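Input: a single structure, listed below in structure tokens.
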Amino acid sequence: TCCASTETDVSHRKDSTPDHGVSEKIVGVLGGGQLGRMLCQAASEMAIKVNILDPLKNCPASSICHHHMVGSYDDSTTVEEFAKRCGILTVEIEHVDADTLEKLEKQGVDCQPKASTIRIIQDKFLQKVHFSRHGIPLPKFIQIDDEESAIRAGHQFGYPLMVKSRRLAYDGRGNAVAKSEKELTSAINALGGYGHGLYAEQWAPFVKELAVIVARARDDSILCYPVVETVHRQVMENICHIVKAPANESWKVMKLATDVASRAVASLEGAGVFAVELFLTEDGEILLNEVAPRPHNSGHHTIEACYTSQYEQHLRAVIGLPLGDPSMKAPAAMMYNILGEDEGEAGFVLANQIIRRALCTPGASIHWYDKPGRFFKQCNGSAECLNIISQLLKHIILASADMRKQRKMGHITVVGPSMGIVETRVKSFLKENADESP
Ligand code: ATP
Ligand code: MG
Ligand code: MG
């Protein structure tokens, strides 16, 4: 756990006798949220050591990683220090210090995927430029840096217009929709103004959102997981809420989605799993939304539903082990995100009721991320609670999103013999909350 151990990198040992069945390399992960936590869980099955760098002392991965360095993955000195303790560097979040990764790579540090990939992905505008240069179909987009260019974007693309932050976006926090020219200013203000780096995207008239997890080995060979459908709770909130695997689409659509996803990943450098978010339009066209260079929310179900989970696959890929079988071992799976509400206890009580019922649902597996911010929701005003909160405050400021609404607190995956049965099972644990039904 958070002990100040001084393990050294054993990956360059001269002695050729292996003393580990799988790999001695210590995998260093920038970020220790739920994705980092699930990477650690997969690693523990093969006794692979995972070090975590995350600013939150009690981040979700901290209790189960080999070593947790408390510090910022966006700080040069900290990342360099962390790299010294690891055999390979990888990420569970793309908002890390890409300059430092690039510098470390030049010094011979093994970063997977490559720093160039992180640099492209972490700036959504650069990402769009990159993929359009590689002939990947995507919604039209244009940089906006003042009122004039924003209005021009509206004229070109029409309304509703999607305005996005170039950087630091996740769970739709970084997107604002302007339904008309009148709403442009408020959309831009909601994203902190032009100074933060914005661009506009044409509204994608999608009938469904699809996602493909693509694994890429160190020899650049590629394997794709079955295409899934992602359902977002509200278009305005843009938070991934439900994943259905496999997606219920024609062979042709599945093939096209897989082709676009693997072409997108082939244009990037380095090993690991990548999540490719796609829009399916009414006329069967596939447009790329964005790529994540890491395990992703749309691949949680692979833990129970596939022969090799996306987490194990990521470790295999970055270490240089053979990739595992991504195919599904159950006919159908559905993943439900447990979202935390900001106000009061209500959200927590609800989550608890859902979990209680899911514990009695066949084929259901519960994942609780143990996010430290829950203290806020459990605070009963006692001196003890207030003390914990004041201690947490400085960490919470670092991860200010913790304070906001609709945080991902956990997820439940249900597997079963058909999508119909799986859906019935999910509805059964959501039943007292008609609003939440898929
Ligand atoms: P993530 O948590 O996946 O990283 P994000 O904050 O990066 O999310 P996006 O993926 O850009 O945000 O957008 C979130 C959601 O908003 C999409 O999944 C989709 O539902 C909607 N959306 C994004 N871009 C468009 C668009 N151009 N047209 C219509 N809807 C869009
Ligand atoms: Mg994103
Ligand atoms: Mg997205």
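Indexing begins at 1, ligand by ligand and atom by atom, following the structure's order. Please read all numbers here as calculations on a predicted model, not as lab measurements. Start at 1 with the first residue, then count along the sequence.
Side-chain contact check for His411 and Tyr369: at least one donor-acceptor pair (N or O, by modelled atom type) lies under 3.5 Å.
Taking Thr281 as the reference, Asp283, Glu285, Leu287 meet the side chain to side chain contact (heavy atoms under 4.5 Å, CB included) condition, with sequence neighbours excluded. Not counting sequence neighbours, the partners of Glu304 by the side chain to side chain contact (heavy atoms under 4.5 Å, CB included) test are Ser365, His367, Thr413, Val415.
Contacts between Thr230 and ligand 1, counted as non-hydrogen atom pairs separated by less than 4.0 Å, are absent for every part of the residue.
For atom 5 (P) of ligand 1, the nearest non-hydrogen atom from the set Lys124, Gln202, His296 comes from Lys124. When Glu277, Lys408, Glu201, Lys140 are ranked by how near their heavy atoms come to atom 3 (O) of ligand 1, first place goes to Glu277. The option from His232, Lys164, Gln127, Glu209 that lies nearest to atom 19 (C) of ligand 1, judged by heavy atoms, is Glu209.
For residues 128-169, the ring-ring contact (aromatic ring centres under 6.0 Å, His included) pairs, not counting sequence neighbours, are Phe125-Phe141, His130-His134.
Electrostatic pairing of Glu80 and Lys103 counts as a salt bridge here, judged by a charged N lying under 4.0 Å from a carboxylate O.
Protein atoms of type N/O/S that fall under 2.8 Å from the Mg ion (ligand 2) number 2 in this view.
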Apply side chain to side chain donor-acceptor pair (under 3.5 Å) to Glu269 and Thr117, showing your working.
-> CA-CA 6 Å; Glu269 293 183 294; Thr117 297; 5.5 Å; no

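A centroid separation of less than 6.0 Å is found between the aromatic rings of His241 and Tyr336.
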